[in-house]
Amino acid sequence: MRILVLGAGKMGSFFVDLLSFEHETAVYDVNPKRLRFMYNTQRFTQLEEIDAFKPELVINAVTLKYTLSVFEEVLPHLTPDCIISDIASVKTGLHEFYEKCGQRYVSTHPMFGPTFANLGKLAEENAIIINEGDYMGRIFFRDLYSRLGLHICEYTFDEHDETVAYSLSIPFVSTFTFAAVMKHQDAPGTTFKRHLAIARGVLSEDDTLLREILFNPRTGRQVEKIRTELKELLEIIDRRDEDGLNAYLCRIRKNIK
């Protein structure tokens, strides 16, 4: 299959490396410096180069801020039977775009990223495949993710957004809270250092991604749960309530079994 990857960032590079030995691949990026270390693949910096390549599948791996605009730029250079796809963490606007664009499409979300995941060892990671769109496109990504050993779930666009509101907004907001109150430590403990590493990783993410996660209409309900839990914990602390604390710890430990 001829596969075009849009964007030569970490995830774009990952997909090129993954696919280039079994498929004819190309990668498009407007910044030629980002293509310097892309091997075993064709490298495009001009949209016109896509015309001659005639991709059968396009994987959009640009940052979230540019996902839709890059699709708009590339569409005129694709054949009618080309399947377009995204790997975006947030699907805001994508379903509507796909339904209007006239192309076959598939949408997936590898639930791992270059910030924390070991891209060479993914057996404990997850992936979501949206169960709307092109059947053959879904089969392609199911086979690809299965060979990586990923645990695969199929959701609708709405179900995906509900899952992301929980699985991303809660850890992200918890991390923001840690970063907001932290101060420099000359001799930090192990737990502090681990939280600090997570905070640095999360806050290095693209601001557009963070904004879309927080502004997901479902996020507010999840963040409200954090406020409720903090209120209860603060009351226990103020009362120095040992029995209350024991009961609280017993309850939350059950949540992480």
Side-chain angles (χ1 to χ4, degrees), residues 1-20 23-110 113-114 127-130 132-138 140-141 144 157 160-161 164 204-213 215-216:
M1 182 181 285
R2 292 185 304 280
I3 300 175
L4 173 67
V5 176
L6 304 176
K10 291 180 180 178
M11 288 303 286
S13 301
F14 169 74
F15 274 94
V16 171
D17 290 342
L18 184 64
L19 297 167
S20 61
H23 302 274
E24 185 180 354
T25 63
V27 57
Y28 167 76
D29 199 297
V30 294
N31 184 353
K33 290 184 178 180
R34 302 184 76 185
L35 298 171
R36 288 178 297 176
F37 304 110
M38 304 291 289
Y39 301 109
N40 199 41
T41 188
Q42 297 186 55
R43 296 175 288 183
F44 300 156
T45 57
Q46 301 294 325
L47 288 168
E48 291 72 22
E49 297 173 280
I50 297 172
D51 297 331
F53 183 65
K54 291 184 171 57
E56 298 167 272
L57 171 67
V58 171
I59 301 174
N60 191 336
V62 303
T63 58
L64 184 64
K65 181 178 180 180
Y66 300 108
T67 301
L68 288 174
S69 61
V70 168
F71 265 146
E72 295 282 7
E73 293 176 2
V74 169
L75 277 180
H77 302 272
L78 304 179
T79 59
D81 60 343
C82 178
I83 302 172
I84 61 174
S85 70
D86 74 273
I87 57 169
S89 302
V90 179
K91 304 298 184 185
T92 305
L94 280 165
H95 191 195
E96 295 79 5
F97 169 79
Y98 283 137
E99 290 299 316
K100 293 178 181 178
C101 74
Q103 295 284 149
R104 300 163 64 191
Y105 72 86
V106 58
S107 183
T108 75
H109 180 185
I128 294 173
I129 298 176
I130 303 298
E132 305 170 58
D134 187 78
Y135 174 75
M136 294 307 297
R138 299 201 304 272
F140 174 86
F141 279 99
L144 179 65
F157 278 101
H160 169 271
D161 288 348
V164 166
S204 71
E205 295 281 6
D206 179 68
D207 284 358
T208 302
L209 171 63
L210 299 178
R211 182 175 66 246
E212 291 298 328
I213 290 170
F215 291 173
N216 181 328

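All values below come from the heavy atoms of this structure, side chains included, with hydrogens, waters and symmetry mates left out.
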[X] versus [Y]: any side-chain heavy-atom pair under 4.5 Å?
X     : Y      : value
Ser85 : Leu57  : yes
Tyr98 : Ile130 : no
Ile59 : Leu19  : yes
Val90 : Asn216 : no
Phe44 : Leu4   : yes

Rounded to the nearest 0.5 Å, what separation is found between the [atom1] atom of [X] and the [atom2] atom of [Y]?
X     : Y      : atom1 : atom2 : value
Thr79 : Lys54  : OG1   : NZ    : 8.0 Å
Leu6  : Ile50  : CG    : CD1   : 6.5 Å
Leu64 : Asp206 : CG    : CG    : 7.0 Å
Asn60 : Ile84  : CG    : CD1   : 8.5 Å
Phe15 : His23  : CZ    : NE2   : 12.0 Å

So which atom in [X] and which in [Y] form the shortest heavy-atom distance, rounded to 0.1 Å?
X      : Y      : result
Gln42  : Glu24  : NE2-OE2, 3.4 Å
Arg138 : Glu132 : NH1-C, 3.9 Å
Asp86  : Ser107 : OD1-OG, 2.8 Å

Would you find a donor on one side and an acceptor on the other, under 3.5 Å apart, between the side chain of [X] and the backbone of [Y]?
X      : Y      : result
Thr41  : Thr25  : yes
Arg104 : Asp134 : no
Lys100 : His95  : no
Arg34  : Gly7   : no
Asp29  : Ala8   : yes

Only one of Phe157, Tyr105, Phe71 passes ring-ring contact (aromatic ring centres under 6.0 Å, His included) with Phe97, and that residue is Phe71
query: For the ring pair His77 and Tyr28, is the centre-to-centre distance below 6.0 Å?
result: no
| request: Please indicate whether Met136 has more than 12 foreign heavy atoms, meaning atoms of other residues, nucleotides or ligands, lying under 6.0 Å from its CE. | output: no
